[in-house]
Amino acid sequence: MKLETKCVREGYQPKNGEPGALPIVQSTTYVFDSTQHIADLFDMPTECMYSRFANPTVDAVEKKIAALEGGAAAMCTSSGQAASLLSVLNLCNAGDSLLAVSSLYGGTINLFAVSLKKFGIECIFVDPEASEEELEKAIKPNTRLVFGETLANPALNIFDIERFANFAHAHNIPLIVDNTFPTPVLCRPIEFGADIVVHSTTKYMDGHALQGGGVIVDSGKFDWTNGNFPEFTQPDESYHGVIYSESFGNIAYIIKARMQLMRDFGCYPAANSAFLLNLGLETLAVRMERYCKNALAAAEYLSQNENVVSVSYPGLETDPYHERSKKYLPDGCSGVISFVIKGGRERATKFMDALKMASREVHVADIRTCVLHPASMTHRQLTDEQLIAAGIDAGMIRLSVGLEHIDDILADLEQAFANS
Ligand SMILES: *Cc1c(COP(=O)(O)O)cnc(C)c1O
């Protein structure tokens, strides 16, 4: 099946007489004919037992997303943050470290630098364009994984997935990639060597700003028996002595995440959330095409506008990441643009307040065009000097282009420039 078809058809295939649309299975539990059947399920969890870590509606969505990413299996979580957290905790214990590039979503940076540190897990950050020598220096004997973000939020630089996959594999550790902004419609990191893919499904996958969620996809390709990951090759006493790599083969990573972490932490989405996410996924391929088209037109308009100092959007030929976009994002660079307005902080807020259609909101990848001012919102605690150090201009606006007609989007920007 082609990707467009998978969006519509994967995950749920009704049998004779069953509902045509994915049903919401609103039940915390399941009933079985014998005690032995349930005992067998503890050995091989092929059916849902309890809603803290499995549900048939969520299961269908997990299968669809795994198929879209070209992975072997997936597990949904109640938020993107939970997906990033569990993807790391599945490999790192206290005393371990991970290597992450510095251009990541702000919430991920805080999770890795502040919260994981409290658990005794150290994150070493490297420049995404660091030399081989610098990368080698950053790696330590206890480094368990490498983490990057395909199209960074909000910096909009493109992560060189293939290069970092080769680097990670040379050290016998996996590469985890946050693929939230491109979605599998625009980029499938597993094709470039990524081992695990995570998403905030809250963004384009849901697409309608309805409910939060996340997902972890296992490529099924990493060799957990290489000697670096004893938790996969030695019995798990908390799960009646299971050896994940032996019992679960190429889906050992996702089963371990489900049976250890989801079982114990319980950040599983509700069936109703998965139903809504599935609606978003059904139209994902169609929507991404329009987001890309609208965003490129808006980026071109902004780059020629006298009120604008600079525009970041890899789809622009003048963008420093344009060359790399041809490899990783050949069908388009998604819907988010960052631009710096002339007149700094004051003009930026005036411009935002003058917008008549675009929504001022703390979100991105909404179906509606929306704007956010990092300096007074997500990065509010920083002074103007600290903002510069973080690469954020006080006049920077993050524009998430929606699915309205491009003429209406540009007309709104035009009148807001004139009235600010
Ligand atoms: C929003 C976002 C997250 C966090 O997702 P939530 O669903 O808000 O928890 C992680 N990564 C990226 C790239 C994001 O944009």
Side-chain angles (χ1 to χ4, degrees), residues 58 61 65 69 74-89 98 100-116 123 125 128 147-159 161 175-187 189 194 196-217 262 265-270 273-274 276-277 280-281 284 288 291 295 312 314 321 328-329 333-338 361-367 370-372 374 377-379 392 398-402:
V58 186
V61 174
I65 296 174
E69 284 288 6
M75 179 176 79
C76 284
T77 57
S78 53
S79 70
Q81 285 297 99
S84 303
L85 171 66
L86 298 197
S87 74
V88 170
L89 289 188
L98 66 145
V101 293
S102 52
S103 54
L104 296 174
Y105 170 64
T108 313
I109 293 183
N110 200 66
L111 169 67
F112 290 178
V114 181
S115 291
L116 284 185
C123 182
F125 288 99
F147 195 103
E149 192 171 310
T150 316
L151 183 56
N153 173 12
L156 299 178
N157 57 312
I158 299 175
F159 177 58
I161 301 170
L175 174 66
I176 305 184
V177 175
D178 181 337
N179 195 35
T180 297
F181 270 15
T183 82
V185 172
L186 301 177
C187 179
I196 308 294
V197 177
V198 297
H199 284 274
S200 165
T201 63
T202 317
K203 312 294 163 56
Y204 289 109
M205 283 188 171
D206 167 87
H208 301 73
L210 293 182
Q211 31 86 50
V215 69
I216 306 174
V217 183
M262 195 56 86
F265 298 157
C267 45
Y268 205 58
S273 300
L276 293 171
L277 173 55
L281 290 169
L284 185 65
M288 290 317 292
Y291 280 122
S312 292
Y321 294 94
Y328 291 112
L329 300 164
C333 293
S334 203
V336 184
I337 301 166
S338 290
E361 61 184 41
V362 184
H363 194 36
V364 65
D366 196 336
I367 196 162
C370 59
V371 286
L372 181 148
M377 297 176 180
T378 48
H379 296 70
I392 291 166
R398 191 184 68 188
L399 171 68
S400 174
V401 180

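For ligands, and for the atoms within them, numbers begin at 1 and follow the listed sequence. Given the structure is predicted, the values throughout are model-derived calculations rather than measurements.
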Those atoms of ligand 1 less than 4.0 Å from some heavy atom in Gly213: 7 (O)
Closest non-hydrogen protein atom to atom 1 (C) of ligand 1, residue and atom name please, with distance? Lys203 NZ, 1.4 Å
Matching residue for Phe147 among Asp178, Ile196, Val101 - test: side chain to side chain contact (heavy atoms under 4.5 Å, CB included): Asp178
Looking at ligand 1, does any of its N/O atoms fall within less than 3.5 Å of an N/O of Gly80? yes
Quick one: does Ser200 get an N or O within less than 3.5 Å of an N or O on ligand 1? yes
N/O of Asn153 under 3.5 Å from N/O of ligand 1, yes or no? yes
Starting from atom 12 (C) of ligand 1, which protein heavy atom do you reach first, and at what distance in Å? Asp178 OD2, 3.5 Å
So is Lys203 actually on top of Tyr291's ring, under 6.0 Å and inside 45° of the axis? no
Who's the nearest protein heavy-atom neighbour of atom 4 (C) of ligand 1, and how far? Tyr105 CE2, 3.4 Å
Quickly, which of Val197, Thr183, Val215 forms a side chain to side chain contact (heavy atoms under 4.5 Å, CB included) with Glu69? Name it, please. Val197
Taking 4.0 angstrom as the limit and counting only heavy atoms of Glu149, give me the atoms of ligand 1 inside it, by number and element. 13 (C)
Keeping the roles fixed (side chain from Ser84, backbone from Val198), state whether a donor-acceptor pair exists under 3.5 Å. no
Please give me the minimum heavy-atom distance between Ala100 and Phe112, naming the atom from each residue. CB-CD1, 4.1 Å
For the residue pair Ser200 and Ser79, establish whether any side-chain heavy-atom pair is separated by less than 4.5 Å. no
Looking only at protein heavy atoms, what sits closest to atom 9 (O) of ligand 1 is Gln81 N, 2.9 Å
Do Pro128 and Asn157 touch side chain to side chain, with heavy atoms closer than 4.5 Å? yes
Close N or O approach (Thr202, ligand 1; < 3.5 Å): yes
